[in-house]
Structure formats: C-alpha cells, structure tokens
Amino acid sequence: MIKAAIYGKTDTPNARDLVRLLLIHPDIQFIGFASEDHAGRPLWEDVFDVFGSCDIRYSRTLDYSKLDVLFCLDADDVPAEALSKLETDPEFRLIVFPPKPGEGSAVDSLDNFVYGVPELNRKAMVRGARAVRLACAPAIAALDATFPFARVLMMPGDTESLEITVDGPEFDPERSAREVSACLQAVQTSFRRRVEFRASGRESHSLRGLTVDMEFPCAIDEQTIRDSFAEAYDDHNFTFILPPGIPLPDGSEDAPLAGCNKCFISVSKPDADTVRLRAAIDPRMKGAVGNAIHCMNLLFGLHERTGLELKPGE
C-alpha cells in the first residue's frame with residue numbers, strides 16, 4: 001500500500017475532498033494530516049461524513065520516514081522536510097497544489113517538478129518523475145481544449161491575443177495565462193500569441209462548474225479537427241470531445257460534471273475560417289483534487305482511473 005499524508009490548511013474544500021478520495025483509494029493507506037493549528041483534533045470534525053471510518057487526528061508534524069507521497073495544499077508553504085526527502089529518497093513523491101489567486105508558489109522555480117496536466121505530461125509522470133506542481137483549474141480546461149491543435153501545429157502563430165473567457169469560481173487570470181502560454185509554446189514553438197484570461201462577468205455561477213470559451217482563426221474543416229482530438233485523446237481516460245450538436249451548458253446552470261474528474265469539450269465552426277471551443281470541468285475535481293489523484297496514480301504506475309470512478313459528495 002502507498003502511504004499518503006496531507007500537509008496544509010484544513011478548512012478548505014480541497015482538504016475535505018482530498019481526505020475523502022484518499023480514504024476510498026484502493027491502493028492508499030492514509031496515515032496523517034499535518035496542521036499545527038489543529039493538532040490533536042479528529043479529522044471528522046471538518047469532514048463529518050468520515051466519522052466512524054477514520055480515527056486520524058491532525059498532527060503538528062509528520063514522520064517522513066513512513067511516507068511514500070505527500071500532498072501539500074499550500075503552495076507557498078511546502079515543508080522543508082518534504083523537499084529534502086525528495087532529494088534523498090528516490091521512492092518518495094510530492095504533489096503541490098496551485099497557490100490561491102494572487103499568491104506565489106514555492107516550487108514554481110524548481111526544475112524537478114512536472115507541470116500537472118496529465119493530458120500533456122503523462123509520459124513524464126510515468127517515466128520517472130517524482131514531483132508535480134498542479135495546474136490551476138482554468139488552465140487545465142483551456143489546455144485540454146487547445147493541446148490537440150498545438151500538437152499538430154494548428155494553433156495560429158501570429159501575435160494577436162488568444163482570449164479565453166472563464167465562467168466559474170474565482171481564479172487568477174495572470175497565472176492561468178502564464179501557464180497556458182508556456183505550455184502551448186513548449187508544444188508548438190511557432191505559437192506567439194498573447195494569452196488573456198477574463199471572467200465572464202456573470203453574477204451567479206456554480207462552484208462545482210467551470211467552463212472556458214475561446215475562438216480563433218482556423219481554416220481546417222471540423223472533421224479534421226475532430227480527428228485530431230480523437231488521436232490526441234484516444235488512450236486517455238478523462239478528456240472527451242462531444243459529438244456535433246451536443247452543447248455544453250454554461251457555468252450559471254447546474255454543473256453537469258460535479259463530482260466527476262472528466263473534461264468535456266465541444267468544437268464548432270461558426271464559419272469556414274474560425275473555430276470555437278468550449279471546455280467544462282468540475283474545478284474541485286478535474287481542476288483540483290481529482291487531478292491530484294490522477295497525477296499520483298501516474299507517478300506510482302497505477303491505472304489512471306484508480307480511485308476516481310466515483311467520488312462521495314459533501
């Protein structure tokens with residue numbers, strides 16, 4: 001069994017969801033949650049539905065000698081012991097969540113961290129990577145939608161802006177733009193467009209739904225585009241292009257992917273020279289804890305779907 005623990009703040013949806021997913025994962029032994037402010041309290045006080053099935057209490061520190069993987073919820077507070085163990089123990093894995101909007105990450109500048117979008121970096125994760133810095137939710141949705149274009153050099157390479165509209169919870173537009181721009185340029189070196197994220201401005205939206213919308217010049221016919229998506233994601237387990245005529249709801253409606261680790265993408269051609277893309281995810285699953293478990297599965301050579309078939313509700 002893989003021995004896993006969590007480090008970071010306890011009063012967040014990510015903390016609660018991650019506890020639940022680790023407890024139901026068939027290959028995980030969840031052994032601790034380090035939170036100095038809450039040391040001694042039982043986890044079920046924050047995650048009430050695990051009462052009776054989990055007797056773990058928060059601790060001030062962790063015994064890193066017993067750990068195989070640590071999930072760090074605070075990107076600006078990665079424990080020194082974890083970074084040291086990463087350098088000295090080839091069997092240890094570290095997964096760091098993205099920072100809150102406007103904050104930085106302690107691991108952004110470290111070269112030994114793989115960027116956590118499995119659709120782009122699955123090979124790196126299964127071929128020896130030991131540390132992952134997770135992507136922010138809007139960047140995951142946008143990259144899943146644009147990667148099939150970039151991998152066959154179909155993203156427009158001129159200097160106009162690529163505008164991406166986000167309908168969902170609060171996010172960091174500058175960080176999202178940096179992440180997407182860097183990834184697209186790494187895949188397609190001719191891509192030089194400035195990436196710009198902006199909120200949709202809707203007054204209400206679901207906290208369990210996030211959509212990204214964009215359009216850009218593309219003279220390729222829709223069937224060729226769909227063939228490129230099929231080839232890119234043929235052996236992936238969580239990203240799917242919808243058939244023609246099947247619309248994705250916007251984020252102001254009931255979130256259809258709540259509790260699900262999938263990304264659904266719709267493709268349309270409003271005219272012969274333009275393509276329109278929309279991608280939808282649950283920002284708390286595919287955009288956060290589900291993606292963390294997905295990356296962990298890859299780091300340890302497990303099947304991608306392990307522990308992610310179903311997720312208990314809150």
Side-chain angles (χ1 to χ4, degrees), residues 12-14 17 97-103 116-117 119 134-150 155-156 160-184 191 193-218 222 225 229 238-242 244-271 274-291 314:
T12 66
N14 281 347
D17 288 344
F97 279 69
K100 293 180 180 178
E103 296 184 358
V117 178
E119 288 74 19
L134 297 175
C136 54
I140 292 173
L143 285 168
D144 281 354
T146 53
F147 171 64
F149 288 84
M155 289 297 296
E160 295 182 13
S161 296
L162 173 62
E163 297 183 357
I164 302 173
T165 302
V166 179
D167 195 357
E170 180 187 10
F171 70 102
D172 188 331
E174 293 185 2
R175 184 177 186 87
S176 299
R178 288 196 305 270
E179 292 183 3
V180 170
S181 179
C183 287
L184 290 180
F191 179 78
R193 287 195 162 207
R194 174 182 172 81
V195 178
E196 296 181 356
F197 277 78
R198 64 179 180 87
S200 66
R202 294 179 185 271
E203 293 184 359
S204 64
H205 47 244
S206 169
L207 294 177
R208 301 307 301 264
L210 180 148
T211 59
V212 299
D213 290 273
M214 71 197 84
E215 65 178 42
F216 49 84
C218 180
E222 183 172 332
I225 293 172
F229 271 85
F238 295 113
T239 301
F240 303 94
I241 185 171
L242 294 178
I246 304 297
L248 276 174
D250 59 41
S252 65
E253 301 177 4
D254 291 338
L257 294 178
C260 174
N261 196 54
K262 294 178 181 177
C263 176
F264 286 170
I265 302 166
S266 68
V267 175
S268 60
K269 294 276 292 182
D271 58 60
T274 307
V275 66
R276 181 175 296 156
L277 302 176
R278 165 171 280 192
I281 62 172
D282 176 352
R284 280 173 53 178
M285 275 295 289
K286 180 64 173 168
V289 296
N291 188 45
E314 183 166 23

Inset, instruction - Spell out, as yes or no, whether a donor-acceptor pair under 3.5 Å connects the side chain of Asp213 to the backbone of Arg278. - result: no
Legend entry - Atom of Gly102, atom of Asp172 and distance for their closest heavy-atom approach: N-OD2, 2.8 Å
Legend entry - Side-chain donor or acceptor of Asp167 paired with backbone N/O of Ala199 under 3.5 Å: no
Inset, instruction - For the pair Asp282 (side chain) and Gly209 (backbone), establish whether a donor and an acceptor sit closer than 3.5 Å, ignoring hydrogens and angles. - result: no
Legend entry - Polar side-chain atom of Thr146 near backbone of Ala142 as donor-acceptor pair, under 3.5 Å: yes
Legend entry - Interatomic distance, Leu184 atom CG to Phe191 atom CZ [nearest 0.5 angstrom]: 5.0 Å
Legend entry - Spacing of Leu210 atom CG and Met285 atom CE [to the nearest 0.5 Å]: 14.5 Å
Inset, instruction - Taking all heavy atoms of Ser200 and all of Thr165, pick out the closest pair and write down the distance. - result: CA-CG2, 3.7 Å
Legend entry - Validation row, ring centre Phe240 to ring centre Phe229 under 6.0 Å: no
Legend entry - CD1 on Ile246 to CZ on Phe264, rounded to 0.5 Å: 11.0 Å
Inset, instruction - Go through Met155 and Phe216 one step at a time and tell me if the side-chain contact (heavy atoms from CB on, under 4.5 Å) criterion holds. - result: CA-CA 8 Å; Met155 289 297 296; Phe216 49 84; 3.7 Å; yes
Legend entry - Spacing of SG belonging to Cys263 relative to CG belonging to Asp144, to within rounding of 0.5 Å: 4.5 Å
Inset, instruction - Report the C-alpha distance between Ile225 and Lys269 in whole Å, list the side-chain angles of each, state the deciding distance to 0.1 Å, and finish with yes or no for side-chain contact (heavy atoms from CB on, under 4.5 Å). - result: CA-CA 10 Å; Ile225 293 172; Lys269 294 276 292 182; 4.1 Å; yes
Legend entry - Side chain proximity check, Arg198 to Pro173, heavy atoms < 4.5 angstrom: no
Legend entry - Nearest heavy-atom neighbours spanning Val195 and Ala177: O-CB, 3.3 Å
Legend entry - Beyond-backbone contact of Glu215 with Ser268, side-chain heavy atoms, under 4.5 angstrom: no
Legend entry - Side-chain donor-acceptor contact under 3.5 Å, Thr239 with Glu119: yes
Inset, instruction - Output, in order, the C-alpha distance, side-chain angles, deciding distance and verdict of side-chain contact (heavy atoms from CB on, under 4.5 Å) for Cys183 and Phe147. - result: CA-CA 9 Å; Cys183 287; Phe147 171 64; over 6 Å; no
Inset, instruction - Indicate yes or no: at least one non-hydrogen side-chain atom of Phe171 is less than 4.5 angstrom from one of Cys136. - result: no
Inset, instruction - Taking all non-hydrogen atoms of both residues into account, name the closest pair between Thr211 and Ala280 and its distance. - result: CG2-CB, 3.8 Å
Inset, instruction - Report the distance from atom SG of Cys260 to atom CZ of Phe238, rounding to the nearest 0.5 Å. - result: 8.5 Å
Inset, instruction - Could you tell me whether Arg193 and Glu160 make a salt bridge, using a distance below 4.0 angstrom between a side-chain N and a carboxylate O? - result: yes
Legend entry - Side chain Thr274, main chain Pro270, donor-acceptor under 3.5 Å: no
Legend entry - Nearest atoms (heavy-atom pairs only) where Ala139 meets Ser176: CB-O, 4.3 Å
Legend entry - Residues Lys286, Lys262; criterion side-chain contact (heavy atoms from CB on, under 4.5 Å); working and verdict: CA-CA 6 Å; Lys286 180 64 173 168; Lys262 294 178 181 177; over 6 Å; no
Legend entry - Atom CD of Glu174 with >12 non-hydrogen neighbours under 6.0 angstrom: no
Inset, instruction - Quick one: pull up CZ in Arg284 and CG in Leu257 and give me the separation to the nearest 0.5 Å. - result: 14.5 Å
Inset, instruction - Salt-bridge test for Glu196 and Arg194: reply yes if a basic N is under 4.0 Å from a carboxylate O, no otherwise. - result: yes
